[in-house]
Amino acid sequence: MPLATILYNYWRICYQTAWQGSPKLRNRADTLRLREFSCSSRSTPTLMNEPTDGFVPDLSRRDWIASVASALGLSVTAATLPMLLSACNTPPSAPSPAQPDRPQPDPRTALVEQLAEMIIPQTDTPGAIETGTPAFVLHFMRICATTQEREKFDRGLAKLEAVAKTQQAGPFTTLTSEARTALLHKLDRGQTPFDAADKAFFSLLKSAVLLGYYTSEAGATQELAFLPVPGAYRGNFPFAQVGKAWSLPG
Amino acid sequence: MSGDVFIKSTKEIFDAIVVGSGITGGWAAKELTERGLRVLMVERGRAVEHRKDYVGEAVPPWKLPHRGRVDAKTVESQHAVQSTCYAFNDATRHFFGNDRDLPYATAQGRPFSWIRGNQLGGKSLIWHRQSYRLSDLDFEANLRDGHGVDWPIRYNDLKPWYDHVERHAGISGAMDGIDVLPDGVFQPPFEMNTVEKRLKEKIEAAYPDIRMIIGRCAHLTQPTPEQIAIGRTVCMARNECQKGCSFGAYFSTQSSTLPMALATGRLAIATDAIVHSVIYDPHTNRATGVRVIDAETLESREYVAKVVFLCASTLGTTQILLNSSSEHFPTGLGNSSDTLGRYLMDHLYGAGARGRVEGFRDEYYSGRRPTWPYIPRFRNVRERHAKFIRGYSLGGSGYRDGWRSFGVREGFGIDFKRRIREAGDWRFSLSGSGEMLPRADNTVRLHPTLKDKWGMPQLLIDCSFGENDLAMYRDMAETSAEILDRIGVKDIEIERVETSEDHPPGLAIHEMGTARMGRDPKTSVLNRYNQCHDVPNVFVTDGACMTSSAWQNPSLTYMALTARACHHAVEQLKRGDL
Ligand SMILES: Cc1cc2nc3c(=O)[nH]c(=O)nc-3n(C[C@H](O)[C@H](O)[C@H](O)COP(=O)(O)OP(=O)(O)OC[C@H]3O[C@@H](n4cnc5c(N)ncnc54)[C@H](O)[C@@H]3O)c2cc1C
């Protein structure tokens with residue numbers, strides 16, 4: 001077997017362990033997500049760095065490092081292995097105590113769920129709601145978006161609700177499915193009662209939904225084709241051979 | 001890396017000190033130790049260990065809390081500048097400098113984006129690995145049109161050193177036989193996809209002066225036994241390189257030069273040690289070592305050596321030299337010519353065009369290629385352009401729209417989801433990389449009052465594009481669009497750069513020229529061996545040494561110049577000349 005194939009197989013195994021990791025591990029990661037960590041492995045007593053909000057080093061990386069190392073035929077001896085792995089064991093440095101607990105449930109959750117599922121509905125694969133995309137969209141707008149984007153988002157949602165109310169006494173979510181679809185088509189094209197700014201809002205919302213969905217496990221691996229370690233680049237590759245788009249950007 | 005490699009205080013007198021551990025520092029450490037010298041590498045940032053510290057690698061997207069984005073608070077407070085670099089994301093950001101801790105000032109109305117990597121390995125961990133040789137068209141350019149001073153070397157001086165560094169680093173590419181882009185020691189090239197191949201034919205048929213080749217890059221496609229022996233292996237086409245690569249498939253300090261230097265047993269490393277200045281002895285007219293500030297304790301220390309190599313990146317090295325003032329050198333070490341801190345250049349990036357390619361719906365590709373098609377310079381090679389001198393290359397890329405592009409497309413619902421699954425239209429883009437002229441008033445100085453948290457004077461950068469630069473920018477955008485139109489690409493969008501705000505200098509991350517090489521000590525800082533005219537045991541081999549910017553990605557040239565300078569320094573040391 002060529003070296004590339006051996007490595008590829010190793011990697012696939014590692015990836016699978018990574019995402020099938022025990023539920024306990026996943027829950028831990030979920031809670032840790034919302035806290036803040038300093039990325040640097042050293043503390044600087046005299047020149048304290050503020051903790052930064054970063055991702056949690058994945059514990060399964062230790063398996064991954066060990067297997068790459070052994071696949072490469074590196075002398076992983078009893079002496080070097082612990083050193084090699086020590087980083088994976090190092091708990092993230094002190095979580096910041098200042099971070100508030102989970103935010104209050106967002107009153108717009110129902111609306112964002114409705115919109116996200118209309119953009120990416122459930123088909124033979126999960127849709128936006130099943131993959132947790134609406135929560136990600138709200139998280140994204142709260143944590144990652146620029147002030148400008150956040151304002152655009154807030155204004156756009158408010159406008160959509162206002163328009164829905166002129167059609168019926170209730171919010172958007174209470175419209176009939178036909179009425180909702182018709183309204184969204186107008187929003188998508190910036191047609192009256194919507195304008196170019198509203199169309200831009202819908203683009204922003206769509207981009208956030210697509211990011212949430214196609215980077216979710218189901219979106220990346222079921223709806224699209226997920227190939228973390230291609231092994232090589234093939235420029236002459238019939239689409240039919242994979243049958244769907246790659247999820248990782250090319 | 002064994003424990004005793006890392007040192008803090010020491011009384012040892014080293015043969016050489018290398019400041020910086022990025023692309024050039026790694027090369028200096030390798031070459032000098034392999035030639036028998038006992039070397040101390042001094043790095044301001046933390047230690048980063050190969051594989052172990054690539055914490056963003058192999059983490060699937062759904063495991064990243066913001067799916068790769070960085071939270072806005074962190075961006076604003078710590079990465080306002082770094083986040084403008086395309087490679088900055090949640091899985092790479094720990095390898096980018098911290099803008100809050102490493103502040104710098106710019107002249108009013110003249111933005112400059114200083115993108116940095118401040119850790120063991122420097123920017124070698126996060127570079128894009130495009131690797132090209134300069135030719136005599138470039139080495140003779142200043143002499144020919146009178147901008148800047150003449151390079152003190154020609155292609156033949158550097159050719160054996162290009163061979164030397166390519167053999168070790170591992171460069172994939174094809175023997176293209178193009179005068180302005182000399183061939184080298186290559187591993188097999190990456191391939192073009194079907195659409196790129198088709199468009200290459202059309203472009204070359206329509207424009208006799210234009211060739212489209214596959215980009216040459218520092219990736220292993222057929223590792224040599226030497227490369228395999230240090231744990232490097234073939235590229236897996238993941239194109240997530242800036243997270244670090246446990247396969248060691250791309251050239252970095254960690255994958256390539258550091259293991260070689262460590263294997264000699266003659267390398268010591270001091271991390272978290274900020275070089276404050278070079279210590280100068282007026283009696284011998286030699287540097288005796290460097291003064292450092294401990295990044296964690298703020299203590300001051302000195303390291304002593306017979307030779308000092310400054311490899312702290314263009315602006316890092318310039319900061320150190322400017323800060324090494326003495327009675328003898330009131331405006332900075334080696335600055336009798338008043339050229340230190342002048343002639344700052346970058347490359348002209350950000351202008352081009354892209355559009356939609358019809359058809360080819362059955363064609364796709366597999367894998368994520370870490371390089372792309374490349375059109376070497378064609379302007380002012382045979383004919384003279386009326387509006388500007390020198391020239392640019394165009395990077396091209398043929399790809400199918402992925403889900404990221406669909407946010408701005410109309411539609412939603414089942415059909416929308418199906419369109420994304422079926423992969424979008426083919427697109428083709430061209431984007432320029434142009435030569436920026438050296439100008440004396442593009443400067444970097446020490447700020448008269450502002451300091452960083454370690455007490456180092458901040459840099460004050462005053463840099464803008466000149467007339468020639470802007471004229472070239474215009475041509476890049478318009479010519480890209482014209483080429484696309486001529487080969488039948490539809491819905492063409494043009495990307496222009498008309499002011500510094502559109503794409504600030506620095507953002508091409510090829511800053512260079514502030515301690516240039518030259519023949520005359522009155523008009524340059526360094527001689528033909530990257531050796532300070534004024535203080536012969538100080539060498540500068542990072543981008544600060546560049547006499548002109550040329551239009552090629554520069555790091556391969558930095559590597560070759562570094563290896564050549566090391567060879568020269570060792571010869572001189574042996575002869576007792578230093
Ligand atoms: C995203 C990106 C893409 C790029 N793509 C390409 C490409 O495709 N092709 C190409 O040719 N180039 C590319 N570059 C540029 C390339 O990275 C640089 O040209 C190269 O790294 C320069 O090498 P260097 O050794 O001079 O500096 P660096 O690699 O930056 O290393 C300098 C080191 O010196 C240290 N240092 C600085 N000041 C001090 C001090 N006072 N004391 C002690 N240590 C200090 C720094 O912490 C750093 O570790 C890219 C860069 C980036 C960021």
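Every heavy atom of this structure was used, including side-chain atoms; hydrogens, water molecules and symmetry mates were not. Chain naming here is simple, since letters A, B, ... match the order of the sequence lines and numbering starts at 1 in each.
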[X] versus chain A, the contacting section by heavy-atom distance below 4.5 Å:
X      : answer
B:Y399 : neither
B:R404 : side chain
B:R400 : side chain

So, are [X] and [Y] salt-bridged, with charged N and O less than 4.0 Å apart?
X      : Y      : answer
B:D401 : B:R427 : yes
A:R189 : B:E410 : yes
A:E223 : B:R421 : yes
B:D272 : B:K8   : no

Could you walk me through whether A:W246 and A:Y214 pass the ring-ring contact (aromatic ring centres under 6.0 Å, His included) test, one step at a time?
CA-CA 10 Å; A:W246 303 116; A:Y214 290 106; over 10 Å; no

Would B:H66 and A:F140 count as a ring-ring contact (aromatic ring centres under 6.0 Å, His included) if you check the C-alpha gap in whole Å, the side-chain angles of each, and the deciding distance to 0.1 Å?
CA-CA 7 Å; B:H66 318 308; A:F140 179 85; 8.7 Å; no

Considering all heavy atoms, the nearest B:Q222-B:Q187 contact
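Scanning both residues, the minimum pair turns out to be N-OE1, 2.9 Å.
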
So which atom in A:E117 and which in A:A128 form the shortest heavy-atom distance, rounded to 0.1 Å?
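So the minimum-distance heavy-atom pair works out to OE1-N, 3.1 Å.
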
Of the backbone (N, CA, C, O) and the side chain (C-beta and beyond), which part of [X] lies under 4.5 Å from a heavy atom of chain B, both, or neither?
X      : answer
A:Q122 : backbone
A:I119 : both
A:A232 : backbone
A:V209 : neither
A:A200 : neither

Between B:T224 and B:Q227, is any side-chain donor less than 3.5 angstrom from a side-chain acceptor?
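Yes - a donor-acceptor pair under 3.5 Å links their side chains.
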
Could you have a look at [options] and say which one has the most heavy-atom pairs with chain B under 4.5 angstrom?
options                        : answer
A:D124, A:T146, A:T131, A:L204 : A:D124
A:T125, A:L205, A:V242         : A:T125
A:N236, A:L184, A:T147         : A:L184

Check whether NZ of the Lys or CZ of the Arg B:R419 lies under 6.0 Å from the centre of the six-membered ring of B:W403 and within 45 degrees of that ring's axis.
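No, a cation-pi geometry is absent between B:R419 and B:W403.
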
Honestly, is B:R67 close enough over A:F136, meaning NZ or CZ under 6.0 Å from the six-membered ring centre and within 45° of the axis?
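B:R67 over A:F136 ring: yes.
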
Only one of B:K52, B:K243, B:R238 passes salt bridge (Lys or Arg N to Asp or Glu O under 4.0 Å) with B:E57; say which it is.
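Passing option: B:R238.
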
Heavy-atom pairs under 4.5 Å with chain A - which of B:G424, B:S366, B:A423 has more of them than the others?
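Most heavy-atom pairs within the cutoff with chain A belong to B:S366.
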
Quick check on the interface: out of B:T221, B:V75, B:I420, who has the most heavy-atom pairs with chain A under 4.5 Å?
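Result: the option with the highest number of such pairs is B:I420.
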
At under 4.5 Å between heavy atoms, what parts of residues 192-200 of chain B are in contact with chain A? List them by residue number.
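Hits under 4.5 Å: B:M192, B:N193, B:T194.
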
